[in-house]
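The structure appears below as C-alpha cells.
In listed order, ligands and their atoms are each counted from 1. None of these values were measured; they are calculated from a predicted model.
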Amino acid sequence: MNILLLGSGGREHALAWKIAASPLLTKLWCAPGNAGIAQEAECVALDIADHAAVIAFCQTNTIDFVVVGPDAPIAAGIVDDLDAAGIKAFGPTRAAGQLESSKSFTKALCRDNNIPTAAYGHFHSAEEAKAYIRAQGAPIVVKADGLAAGKGVVVAATEAEALAAVDMMFAGGFGEAGAEVVIEEYMEGEEASFFALCDGEHALALATAQDHKRAFDGDKGPNTGGMGAYSPAPVMTDALCAQVMKTMIEPTLRALRDMGTPYKGVLYAGVMVTADGPKLVEFNARFGDPECQVLMLRMMSDIVPALLACADGQLKNFSLRWYDDVALTVVMATKGYPGAYEKGTRIAGLDRAAKIEGVEIFHAGTIASGDWILANGGRVLNVTASGKTVGEAQRRAYEAIGLINWPEGFCRRDIGWQAVARERAKR
Ligand code: AMP
Ligand code: GLY
C-alpha cells in the first residue's frame, strides 16, 4: 500500500523508520519531512495546513492511508477532511482531538466520568482567575486553555508567580491559546507518559516512557518539548498500567463514543504517580516527541496493521510484540533552544555515530544541503539507543553523541537519571 506520513519531527522520523520496515508498504511519502526522513521516504514540500492540497496529493498518488504525526493538523481537522474525501487516516477527528486541544474540555470530561485528575477552575477573565488563586494559595498550576506547543503551563511555587502568569496569558503571552485559562491543584509525584492505541471502542496499551521536559541537567531551566526519554518507565508497574487503562483510557473512550465522537488514534496520557495513585496531568491526541522514538525502537511487530486497525475499528483481540530491551533517546538541540537560536549550522559525524551497536539516529529539525546535514530547528537530532538496561542504552547514546561534531548544538548529559538511579539501588 501507499502511505503518506504528515510531519517533520523526530517523532515522524521514528514512525517513518518503523513504517518503512513493513512488508505491507509499497511506497512511503512524507510531507514535509526532513533530511533523516528522506532516507526512508520520498519527502514532498506540501503545506499540510492546506487540506485541499493534501487531499489532491493523495488522489494523484493513490495514497491508501495517511498517518498524522503532530497535533496541529489534528486540531485543524485534517482527519475529518480526509474522511470526507474517502481517504483512510490514522488519527482522531477534530472533535475527539479536543482531548488535547482544549484543556477545559478534558477537565470537564474527567469530572463527569470520575477520572482521577487535579482539582481545577476554568476562567474567561483575569480577575476571576486571580480570585481563585488567592483562595487556593500556592503551589498552583496556571495553564493556557488551547494549544501552546507544550509550553502553555506555569507551575507556580508562589501566589505572586501564579498571578503574574495569569496577567501574562490574558495579555496574549501565548496568543489565542491564553484567552481562557485553567487553574489546577499542584500534584506531587513522579511523571510518566502512557500510550494506548484506540479504535473508537477498544484500547490497546502500548508502552510507557519518561520524558525530560526541562532544558538543562538536573531538571533545571525552561520547559521544552522534551529533551530526552526512555521506555519503559520503571515507575509504571503492570498494576499501575492496568489502573491507568481502567480509570483513564477506557472511561474516556466510552465517554467520547457516547458523545458521538469516537476516539481513533493514539491516546497519550501524561500521568502523575501520586501518593493517592495515578492522576491524569493531560491527554495528547498523538504520539509524544521524543517518546515515540523510544517506543518505535522497542516495538517488534509491524506497526502498519496496528495503525490500520485503529482506523478500521479492528483493535479488539489485536496484540503487539515488544523487544525486552529498554530504549533511551537524547535530544540534541541548537544552543539557545527553547529561546531564539541560529539555523543552518553544519553537523558532521552522523554516519560514524550511527554505527555504534544498538544506536539509531532520528532527525528532527534537519535539512540536507549538498553533502551536508544542516540544523534547521530547535530540536535537531534524537540519538536513540537500546540496551539490556537503561544504563547500557544511556552509555551507547552518549558514546554516539561523542562522535557527532556539531559545536552549535547541546544536549542534556543526564537523560535517564531516575531510572539509572533505580537500577543502581537494586544492585
Ligand atoms: P501539560 O502541558 O499540561 O502536560 O503540563 C506541562 C508540565 O507541567 C507537566 O508535564 C507537569 O510536569 C507540569 N504540570 C502540569 N499540571 C500539573 C499539576 N496539576 N501539578 C503538577 N505539575 C503539573
Ligand atoms: N514530549 C512531550 C510531548 O510530546 O508532548
Before signing off on this row, confirm whether [X] and ligand 2 have an N or O atom pair separated by under 3.5 Å.
{"X": "Gly288", "value": "no"}
{"X": "Arg11", "value": "no"}
{"X": "Glu282", "value": "no"}

Do other residues, nucleotides or ligands put more than 12 heavy atoms under 6.0 Å from [X] [atom1]?
{"X": "Asp47", "atom1": "CG", "answer": "yes"}
{"X": "Glu357", "atom1": "CD", "answer": "no"}
{"X": "Arg214", "atom1": "CZ", "answer": "yes"}
{"X": "Asp258", "atom1": "CG", "answer": "yes"}

Practice problem: For residues Phe123 and Tyr132, establish whether the separation of their ring centroids is below 6.0 Å. | Solution: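 They qualify: ring centres under 6.0 Å apart.
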Practice problem: May I ask you to check whether Tyr230 and His212 place their ring centres under 6.0 Å from each other? | Solution: yes
Practice problem: Taking ring pair (Phe, Tyr, Trp, His ring centres under 6.0 Å) as the test, write out the residues that go with Phe195, two or more places apart. | Solution: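 With neighbours one apart ignored, the set is Tyr268.
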Practice problem: Tell me, please, which residues at least two apart from Phe57 pass ring pair (Phe, Tyr, Trp, His ring centres under 6.0 Å). | Solution: Trp29
Under a 4.0 angstrom heavy-atom cut-off, which atoms of ligand 1 come close to [X]?
{"X": "Lys213", "value": "10 (O)"}
{"X": "Tyr186", "value": "20 (N), 21 (C)"}
{"X": "Met272", "value": "21 (C), 22 (N)"}

At a 4.0 Å threshold, what atoms of ligand 2 neighbour a non-hydrogen atom of [X]?
{"X": "Glu291", "value": "1 (N), 2 (C), 4 (O)"}
{"X": "Gly225", "value": "1 (N), 2 (C)"}
{"X": "Tyr268", "value": "2 (C), 3 (C), 4 (O), 5 (O)"}

Do ligand 1 and [X] have nitrogen or oxygen atoms that lie under 3.5 Å from each other?
{"X": "Glu185", "answer": "yes"}
{"X": "Lys143", "answer": "yes"}
{"X": "Met187", "answer": "yes"}

Practice problem: Tell me which part of Arg286 gets within contact of ligand 2: side chain, backbone, both or neither, using heavy atoms under 4.0 Å. | Solution: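 Side chain only.
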Self-check item: Nearest option to atom 6 (C) of ligand 1, as decided by whichever heavy atom of Val153, Val154, Asp211 sits closest
Solution: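 When every heavy atom of Val153, Val154, Asp211 is considered, Val153 comes closest to atom 6 (C) of ligand 1.
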Quiz item: Hey, looking at atom 9 (C) of ligand 1, which of Arg214, Lys279, Glu282, Glu191 has the closest heavy atom?
Solution: Glu191
Quiz item: Hey, is Val155 touching ligand 1 through its side chain, its backbone, both or neither, going by heavy atoms under 4.0 Å?
Solution: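 Contact part for Val155 vs ligand 1: side chain (C-beta onward).
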Practice problem: Please report the closest heavy-atom contact between Val331 and Cys411, naming both atoms and the distance. | Solution: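 Residues Val331 and Cys411, closest heavy atoms: O-CB, 3.3 Å.
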Self-check item: Heavy-atom closest pair, residues Ala393 and Gly387
Solution: CB-N, 3.9 Å
Self-check item: Within-shell test, Pro290 vs ligand 2, heavy atom, strictly < 4.0 Å
Solution: yes
Quiz item: What do you reckon, does Lys103 put a non-hydrogen atom under 4.0 Å from ligand 1?
Solution: yes
Exercise. Using a 4.5 Å cut-off on heavy atoms from C-beta on, say whether the side chain of Ser22 contacts that of Ile303.
Key: no
